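Step one of this worksheet: look at the structure below.
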Amino acid sequence: VEKKDFIYEGKAKQVYSTTDENLVIIHYKDDATAGNGTKKGTIVNKGVMNNKITAMLFRMLEKNGIKTHLVDVLNDRDQLCQKVKIFPLEVIVRNVIAGSMAARVGVPEGTKPTNTIFEICYKNDAYGDPLINDHHAVALGLCTYEELAEIYRITAQINNLLKDAFDKTGITLVDFKIEFGKNFKGEILLADEITPDTCRLWDKETGKKLDKDRFRRDLGGIEEAYIEVLKRLGA
Ligand code: C5P
């Protein structure tokens with residue numbers, strides 16, 4: 001399979017078509033953004049690290065029965081993936097309250113809720129990826145109720161598997177965002193990435209933030225945090 005044309009550029013990745021119409025190449029960049037693109041920067045080698053971390057986690061999930069878009073890692077920054085039509089939804093899971101939820105409902109960061117919290121946001125930069133509910137998603141034509149039910153079912157499995165995988169390395173999986181897409185066969189696959197860009201990861205012992213909040217909140221030591229996650233996962 002050969003790289004063909006540039007199709008699309010997101011904030012952290014580029015997508016290319018290939019000689020196989022059902023496969024794409026996803027290129028991981030070092031660009032970092034926060035606050036819906038209002039803050040811009042680069043994190044040295046982030047693309048290389050996030051390519052490795054996503055591949056390691058997606059392979060672990062695949063071994064445990066989760067279907068993902070990942071086909072192969074081609075090099076330091078490129079993955080061969082199944083082409084999917086992305087649901088314009090960000091699915092967020094919160095095991096510990098932090099970030100936008102802490103700010104929105106006035107609960108201190110670090111509070112452990114009695115139940116796991118699922119949120120969905122409408123992927124729409126112009127409107128700042130607003131938080132929506134199931135009925136909005138269906139009314140907006142983003143997905144059907146049946147698709148949402150399947151997405152939530154897979155998301156719960158992913159959360160259990162990821163929580164365990166991080167816990168073993170001494171990291172609390174506070175929250176994360178995932179995206180799903182449909183391939184040409186109509187299967188719903190986990191797509192996009194799972195990285196310190198898209199997860200909150202706190203060291204279990206010290207509470208140290210090992211994720212993109214170091215960039216968002218100007219805490220410094222960003223590259224070191226990503227290197228630490230890579231090292232702990234053995235990715
Ligand atoms: O900002 P908020 O608290 O809603 O983020 C929840 C989780 O989703 C965090 O782990 C964050 O990294 C991730 N997220 C993301 N992309 C976004 C918004 C949030 O990966 N556009």
Side-chain angles (χ1 to χ4, degrees), residues 8-13 26 28-41 43 46-47 49-51 53-54 57-58 61 68-69 86-113 115-133 136-137 142 151-152 155-156 158-159 161-163 165-167 171-181 190-203 207-219 222 225-226 228-229 233:
Y8 171 79
E9 179 143 19
K11 295 185 190 102
K13 299 188 289 302
I26 297 185
Y28 281 73
K29 304 187 290 179
D30 290 348
D31 299 351
T33 63
N36 193 30
T38 53
K39 179 180 178 131
K40 288 192 173 69
I43 299 175
K46 177 168 80 80
M49 297 191 277
N50 280 356
N51 179 21
I53 293 168
T54 297
L57 292 172
F58 277 36
L61 292 170
T68 81
H69 72 164
I86 293 280
F87 291 100
L89 286 177
E90 298 193 331
V91 181
I92 292 170
V93 178
R94 300 183 187 276
N95 296 307
V96 177
I97 293 167
S100 73
M101 179 173 169
R104 192 172 56 245
V105 299
V107 174
E109 276 214 321
T111 305
K112 191 156 183 340
N115 54 293
T116 306
I117 297 160
F118 287 12
E119 291 175 357
I120 51 174
C121 296
Y122 174 26
K123 255 172 82 82
N124 183 324
D125 282 340
Y127 288 83
D129 299 335
L131 180 67
I132 57 170
N133 69 22
H136 294 111
L142 312 183
I151 285 171
Y152 287 138
T155 297
I158 292 172
N159 184 40
L161 292 163
L162 287 179
K163 260 196 304 187
F166 280 111
D167 187 75
I171 290 173
T172 302
L173 177 61
V174 170
D175 58 27
F176 62 96
K177 183 268 305 181
I178 47 180
E179 296 184 23
F180 292 90
L190 175 65
D192 196 52
E193 63 178 78
I194 300 178
T195 66
D197 277 15
T198 63
C199 301
R200 285 198 174 89
L201 305 169
W202 294 354
D203 182 79
K208 185 175 176 193
K209 296 184 194 333
L210 300 172
D211 58 61
K212 198 172 144 189
D213 272 349
R214 304 204 72 84
F215 172 79
R216 297 188 188 100
R217 303 179 187 188
D218 297 317
L219 302 175
I222 306 163
Y226 281 60
E228 181 65 24
V229 172
L233 288 174

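For ligands, and for the atoms within them, numbers begin at 1 and follow the listed sequence. These figures come from a predicted structure and were not determined experimentally.
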Heavy atoms only: which of K212, R216, R200 lies closest to atom 1 (O) of ligand 1? R200

What residue and atom, counting heavy atoms only, is the protein's closest point to atom 8 (O) of ligand 1, and at what distance?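 Heavy-atom neighbour on the protein nearest atom 8 (O) of ligand 1: K177 CB, 3.4 Å.
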
What do we get for [X] next to ligand 1 when only non-hydrogen atoms under 4.0 Å count, side chain, backbone, both or neither?
{"X": "D197", "result": "backbone"}
{"X": "E90", "result": "side chain"}
{"X": "R94", "result": "side chain"}
{"X": "S100", "result": "both"}

Indicate the atoms forming the closest heavy-atom contact of A191 with I86, along with that distance. CB-CD1, 3.7 Å

If you apply the rule side chain to side chain contact (heavy atoms under 4.5 Å, CB included), what do you find for T116 with N95, and how did you get there? CA-CA 5 Å; T116 306; N95 296 307; 3.6 Å; yes

Side chains of V93 and F176: closer than 4.5 Å at any heavy-atom pair? yes

Give the atoms of ligand 1, by number and element, whose distance to some non-hydrogen atom of [X] is under 4.0 Å.
{"X": "G99", "value": "3 (O)"}
{"X": "C199", "value": "10 (O), 12 (O)"}
{"X": "D175", "value": "6 (C), 7 (C), 9 (C), 10 (O)"}

Aromatic ring centroids of Y122 and Y127 under 6.0 Å? no

D197 vs Y226, side-chain hydrogen bond (donor to acceptor under 3.5 Å, both in side chains): CA-CA, chis, key distance, verdict: CA-CA 9 Å; D197 277 15; Y226 281 60; 2.4 Å; yes

Applying side chain to side chain contact (heavy atoms under 4.5 Å, CB included), run through D30 and I43 and close with a yes or a no. CA-CA 5 Å; D30 290 348; I43 299 175; 5.8 Å; no

So is E109 in contact with ligand 1, going by heavy-atom distances below 4.0 Å? no

Going by the side-chain contact (heavy atoms from CB on, under 4.5 Å) test, name the single residue among L210, N50, D213 that passes it with P196.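 One option only clears the test, and that one is N50.
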
